[in-house]
Structures are given as structure tokens and as C-alpha cells.
Protein chains: 2
Amino acid sequence: MTKNDARGGVALWRRIADEIRLDIIGGKVSSGEQLPTEAALAQRFAANRHTVRRAFAVLAEEGVVRAEQGRGTFVNSARRLSYRIGRRTRFSEGLAGQVQDMHGELLSTRLENANASVARGLGLRPGTRVTRLERLSHADGRPLSRGTSWFPYQRFPDIAAVFGRTGSLTQAFAELGITDYSRASTRISARYGTPDEIRDIGLVPGSVMLVTEIVDVDADDRPIQYALTRFPADRLELVV
Amino acid sequence: MTKNDARGGVALWRRIADEIRLDIIGGKVSSGEQLPTEAALAQRFAANRHTVRRAFAVLAEEGVVRAEQGRGTFVNSARRLSYRIGRRTRFSEGLAGQVQDMHGELLSTRLENANASVARGLGLRPGTRVTRLERLSHADGRPLSRGTSWFPYQRFPDIAAVFGRTGSLTQAFAELGITDYSRASTRISARYGTPDEIRDIGLVPGSVMLVTEIVDVDADDRPIQYALTRFPADRLELVV
DNA sequence: TCGATTTGTCTAATTTAGTAGACAACTAGT
DNA sequence: ACTAGTTGTCTACTAAATTAGACAAATCGA
């Protein structure tokens, strides 16, 4: 129990990679700029040069940096997306102007009984039938979010089919008679990605995820959607 | 490069600990309830029993679980705090009813020149003099947040002294003639804790932090505070 | 062309993480 | 008292992470 706790179960190369990536994403070092040399970083992190090299290998594979023999290592990539959230912001609007192409993918649908969280979110009794949708969204070809939504089955028995056809939640609601809805609550938390999320979004284990837990209501303040959406924290921030 | 990427630089015992902690914090298992046995968890995570034991050792040290020889391992701790944020919510109000005791601590103050981020937040030119405050807040005796605030020096030359005396930002502003202010913007991101934060808040390396970047404005919409506040993501969630 | 600087590659050794098995100590119910 | 089930402790081994050193290969300016 000496160095175990000091490392906290996170490999040094991983922490070095995270810190450098954060400097890049946060704009501390600009695109194209040269990073400190491997030797300098080894000293800064009190690590061996090979450990720094391993961190760089990961960042290079992610496309964040690019090493050139004899010259140095350079920043390759852009900044983090800002996703604007508000009472009336629709999903794709929140990233307007930051991405070229944005599209969603319906992974699966299921009819199930509401657990305690879902029931509370939708204002139903636990056990009530709900439709569950698993979604994956892409921005400029890269997976950006992994969402799970629940809808009251009694009120929207066909929402899975309609959403699957239209691909848009706003449009699906419109066809089902909901012309207007808004965000009733947003809870934001952060945690490590689960193995499933890592697979779906294409991350490495231990990636940090931003999680939003939202409830949408219709014009009469009746809940119509409860959703959990997970974003990779190094690709996106939320703006309230 | 075979199992390296599979583990992602995060030790298995660490991921097991994180997942169990998340189940507890998220309310999947209730306080006092018995957790699955070490053998069962070893099977569930495809790990050795000793690896599970190590995860439990960490959680026990955090006070989240408690093992009893011959009986089993039991949940010890409560749920995650919900910090409500809004245009007019003051810091301590956001946790009303969830904590008994709440107090802040002023770590240090400094006069410095605004960097690009601070200048943008406060609507100043980079290089303008600003006062920087480093703060640490406690809830029920445990560190809960680590904040860094910047204030325009020209407008509030004495804010460090006043805040140090009163301990409350609202009160400090009041004494300096700002009787009303509100939140202009809130950006939320997540990342690993830095070594400094881990030391100040008392976490293990690799802990996930929620980061809020806020701008407060006076009644005339002039920025009066730019602040970065870091919360340990396993102790707190944000509610918008 | 030369030399200083930097990344790339290789070998080797040590420390930490994870697996495997055995058995002791304790609890609860029969 | 006994037994089944659970956590606690110990030893031994394998795999991954980290350190260490040496040298090759490329770049750049003097």
C-alpha cells in the first residue's frame, strides 16, 4: 500500500497523456505549435522518457499530436465542442456552427417496465410500461454521444417506429401531436465510461464521460421524455 | 500494445471500485444493504477475488463500504449531493437542505495580469490587472470544491481583504456596492483531477472532476467575477 | 560539413498489477 | 456441535508498467 495509492490505479503514461491532451483541448497550446521535448516532459512529470513516449503514442493514435523525427512533436488537433443547453434547445441546435455534419443512429428499441429512476423522471408508477430507445449520434463522422431515452408507452405507443423513420425526436413528437415541448430539468454528472459506452463511442477504457439526465415536458408540463445522454468529456463541454 | 489498450492505463481494481461506488452513489444499492460477495463480484468482473478485495479496500478507506468477516460487505454511505445552479443561485444555497455545515476557506490571493481566458470572461484586455482568489469549500467537514476566482482589480481593489474578512462573496460584493448580481454563463466540463486538486480536496489520483466555468455580472451586465470551480464528480452532481 | 538537438529503436532490470490456490477466522442457521 | 458460506491472510507465480542506458536516424543552424 505504498505507491499503490499514490498512483491511484491510473498508469503514469495515461495521466501524462490526459494532462497533455487537456492542455491542447483547453487551448494552452495552439494548433501546429511544438510541444516540449520528450526529455523536458519526462522531467516535468518526474517520469522516464519512455513513459512520456508511450503517452505520446496514445495521443498520436488519437490524432491529437504528430511526432517528427529530429524536429519535435507538434499539436495536430482542434478544440473541444461546446454544446449549448437550455429550456428550448433541440439536440442538433446546441452544436450549430461547430460541426459540418450531424446525424443520429437508432441502435435499438425495447418495451420495458419503468424502474425507480425512470418512473420518477416521467412521473409514473414504477413498473409502468415505457418505451426505451438507445441512440448514438455522430458529429463530422465521429461518435459524439450515446443516449438512452424512455417514453411513456401508453401515451406514445408508436414512438419507436416514428422515430426510427424520421430520425428526429422533434419531428417524431410533432407527428404524435406534440408541437411544443421544453426541458423541465437537467442533471449533470461525470464518471468513467462503462465498457459498453467505450465500445459504442470508440474510446479507451477510463475515459471520462459527461452525463446529462434530462426530463422533457409538453406544454401542460406533463413529462414526455426521460433521457440519459453520455458525452466523452474530452470532446465536448456543456454550456448552460 | 495488446492488453495495454484494453486496460487503457486504468487498473482493474480501480475500475471495479469506480463501478461499485457508482452503483452506491446512484442509488442502485441502498444504505446498509449487503453487496454481492467477493466471489460473485470476481465472476461478474472476470477478475480474481484478490482484485475485488483491493477495490473493496479502497472503498472501505473512503468510508463507502464496510466489510464484516463471516457476514459480508455492506453499504455505508449516502448518495451524491445535488448542487442546484441557476441565474441567481448563491453558492451555499445550491446545497440547501443537503448538508448541515458549509463553510469556505480562503487559501490565497494574488494580483496578476489577466490571461486570455480570464480576459475574455471578464470582458477586459489580456494583461489587465486582476485579483485572483483561491478557495476551498467544505461540506460537513469534507472538502467539496476547489475554486479559483478572478475579479477586475480596477473596480474592486479591496475585494481580497473584504472577502477574507467576511468569508462570503455575496457579502463582499454588497460592501463594495454590488447589491445584486447574476450568472451570465456557465460552462461545464469534466476531466481528471490535477495533482494540486487531489491534494487540496483529498482524493486519489485519477479521480474525476466536474468543472464549472462561470461569469457573474452586475445589474448592468458588466462582468464582476470569472471563476473556475472544481468538484469531485463522485460526491456531487449539478442540477440546472 | 559538423555538431547539437530531437525522435526512434533496442535490450535489460525493477516495481506494480493481477491470477491462483490454500487455509484460517468468523457468522448464521440447523 | 456442526456445516455452509463469508471475509482475512499468506505464498507463489505471471503479466504489465516503469525505469535505465545505449545508440541509430533525422533535422537544423553555424
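So that the names make sense, note that chain A is the first sequence line, chain B the second, and so on, each numbered from 1.
To the nearest angstrom, C1' of C:dG18 lies 13 Å from CZ of B:R15. Between the CD atom of B:E38 and the P atom of C:dA20 there is a distance of 16 Å, given to the nearest Å. Taking atom CH2 of B:W13 as the reference point, atom C1' of D:dA16 lies 15 Å away to the nearest angstrom. In this entry the distance linking CG of A:L12 with P of D:dA16 reads 18 Å, nearest Å. Whole-Å rounding puts the B:R53 CZ to C:dG18 P distance at 15 Å. In this structure, the CG atom of B:L59 is 14 Å from the P atom of D:dT7, given to the nearest Å. In this structure, B:R66 places its CZ atom 12 Å from P of D:dG8, rounding to the nearest Å. Rounded to an integer number of Å, the gap from CD of A:Q43 to P of D:dT19 is 14 Å.
For the helix from C:dT1-D:dA30 to C:dT30-D:dA1, the axis fitted to the five pairs at one end and the axis fitted to the five pairs at the other end meet at an angle of 30° (nearest 10 degrees).
Scored by the salt bridge (Lys or Arg N to Asp or Glu O under 4.0 Å) test, B:R21 finds B:D18, B:E62, B:D234 as partners (sequence neighbours excluded). Shown here are the salt bridge (Lys or Arg N to Asp or Glu O under 4.0 Å) partners of A:R142, two or more places apart in sequence or in another chain: there are none.
Close to C:dA17, at under 4.0 Å from its OP1 or OP2, lies no side-chain N or O of B:T51. Here A:T73 reaches the OP1 or OP2 of C:dT7: one of its side-chain N or O atoms lies under 4.0 Å away. Dashed line: the shortest gap from a side-chain N or O of A:T37 to OP1 or OP2 of C:dT5 is not under 4.0 Å.
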Donor-acceptor contacts under 3.5 Å from residues 121-130 of chain B side chains, at least two apart:
| unit_1 | atom_1 | unit_2 | atom_2 | d |
| --- | --- | --- | --- | --- |
| B:T128 | OG1 | B:R125 | N | 3.4 |
| B:T128 | OG1 | B:R125 | O | 2.4 |
| B:R129 | NH1 | B:N113 | OD1 | 2.9 |

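Sorted by first then second residue, the salt bridge (charged side-chain N to carboxylate O under 4.0 Å, His left out) pairs that include residues 204-213 of chain B, not counting sequence neighbours, are B:R187-B:E213.
The closest side-chain donor-acceptor pair between A:T212 and A:T186, if any, does not fall under 3.5 angstrom. No hydrogens or angles considered: nothing links the side chains of A:R132 and A:S108 as a donor-acceptor pair under 3.5 Å.
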At under 4.0 Å between heavy atoms, which parts of nucleotides 20-30 of chain D does protein reach? Answer with one letter per nucleotide, 5' to 3': B base, S sugar-phosphate only, - none. BB---BBSS--
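Between B:W150 and B:Y226, the two ring planes are tilted [angle within 30° to 60°].
Among the heavy atoms of the strands lying under 4.0 Å from A:A47 are primed sugar atoms or P, OP1, OP2 only; no base atom is included.
Looking at A:E38 and A:R49, a side-chain N of the basic residue comes within less than 4.0 Å of a carboxylate O on the acidic one, giving a salt bridge.
Checking side-chain atoms of A:S30 against main-chain N and O of A:E33 turns up no donor-acceptor pair under 3.5 Å.
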